[in-house]
Amino acid sequence: FGVNDEVSYSDFKHKIDSANVDAILFINEDQYWATVSYNRVGSTIQEESQPNSAFHCYLADAATGEVLWLARCTVRGVFAGYDTLNNYLARRVSRILKNEGYIYGE
């Protein structure tokens with residue numbers, strides 16, 4: 001499906017069933033905020049802002065819709081920005097799912 005495409009539930013379910021998917025990971029951003037800090041550099045004060053974000057994560061059985069796993073993941077203080085928050089989140093969630101046996105790792 002394309003980004004932000006409206007898809008009917010029947011189309012979504014048909015695509016999932018035809019792809020032999022076992023489970024679906026849903027991630028919803030719950031909060032986004034910045035942590036501001038101030039640093040004195042010579043005679044000036046510089047403001048630095050670090051993004052933070054909190055996500056609700058759900059792993060659902062594709063056949064039944066039953067929630068197999070859920071978590072609230074928070075990523076804090078990553079200087080590089082929103083894309084880095086997403087990368088940190090993806091690594092954290094995949095590590096947890098591997099450790100709990102939901103997905104296979106190397």
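These values consider heavy atoms only, across backbone and side chains, with no hydrogens, waters or symmetry-generated copies.
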Is [Y] reachable from [X] through a run of I, L, V, M, F, W or Y residues, each pair having side-chain heavy atoms under 4.5 Å apart?
X: V75; Y: I27; result: yes
X: I103; Y: V67; result: no
X: Y58; Y: I96; result: no
X: I16; Y: W69; result: no

Discussion item. Minimum heavy-atom separation for N52 and Y32, please, with both atom names.
Written reply: O-CD1, 3.3 Å
Worksheet item: Do you know the tightest heavy-atom contact between C57 and L89?
Response: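 Reported closest heavy-atom pair: SG-CD1, 4.5 Å.
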Please enumerate all residues that pass side chain to side chain donor-acceptor pair (under 3.5 Å) together with [X], with sequence neighbours excluded.
X: W33; value: none
X: T74; value: none
X: N99; value: none

Worksheet entry | Side-chain (N4) to main-chain (G2) donor-acceptor, under 3.5 angstrom | no
Discussion item. Whether the side chain of Y102 engages the backbone of L68 through a donor-acceptor N/O pair (distance < 3.5 Å, no angle test) should be reported.
Written reply: yes
Discussion item. My understanding is that a hydrophobic cluster links ILVMFWY residues whose side chain heavy atoms are under 4.5 Å apart, including indirect links. Using that, what else belongs to the cluster containing Y38?
Written reply: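 V36, I45, all in the cluster of Y38.
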Practice prompt. Mind checking side chain to side chain contact (heavy atoms under 4.5 Å, CB included) for S10 and listing every partner two or more places apart, or none if nothing turns up?
Written response: S8
Practice prompt. Taking side chain to side chain contact (heavy atoms under 4.5 Å, CB included) as the test, write out the residues that go with S43, two or more places apart.
Written response: none
Discussion item. Filter on salt bridge (Lys or Arg N to Asp or Glu O under 4.0 Å), then keep only pairs touching residues 54-66, sequence neighbours left out; what's left?
Written reply: none
Worksheet item: Roughly how far apart are N86 CG and R91 CZ, rounded to 0.5 Å?
Response: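 It is 11.0 Å, given to the nearest 0.5 Å.
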Response to the item:
So CD of E29 and NE2 of H56: to nearest 0.5 Å the spacing works out to 10.5 Å
Worksheet item: With a cut-off of 6.0 Å (strictly less than), are more than 12 heavy atoms of other residues, nucleotides or ligands near CD of E6?
Response: no
Worksheet item: So with a 6.0 Å cut-off around CZ of F1, is the heavy-atom count from everything else above 12?
Response: yes
Worksheet item: Would you say V93 and C73 make side-chain contact, with heavy atoms under 4.5 Å?
Response: yes
Fill in: Beyond-backbone contact of N39 with E48, side-chain heavy atoms, under 4.5 angstrom
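N39 reaches E48 side chain to side chain.
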Using atom types as modelled, flag every donor-acceptor pair under 3.5 Å from a side chain in residues 17-26 to any protein atom, sequence neighbours excluded.
unit_1: D17; atom_1: OD1; unit_2: K13; atom_2: NZ; d: 3.4
unit_1: S18; atom_1: OG; unit_2: H14; atom_2: O; d: 3.1
unit_1: S18; atom_1: OG; unit_2: K15; atom_2: O; d: 3.0

Fill in: Partners passing salt bridge (charged side-chain N to carboxylate O under 4.0 Å, His left out) against D30 (at least two apart in sequence or in another chain)
R72
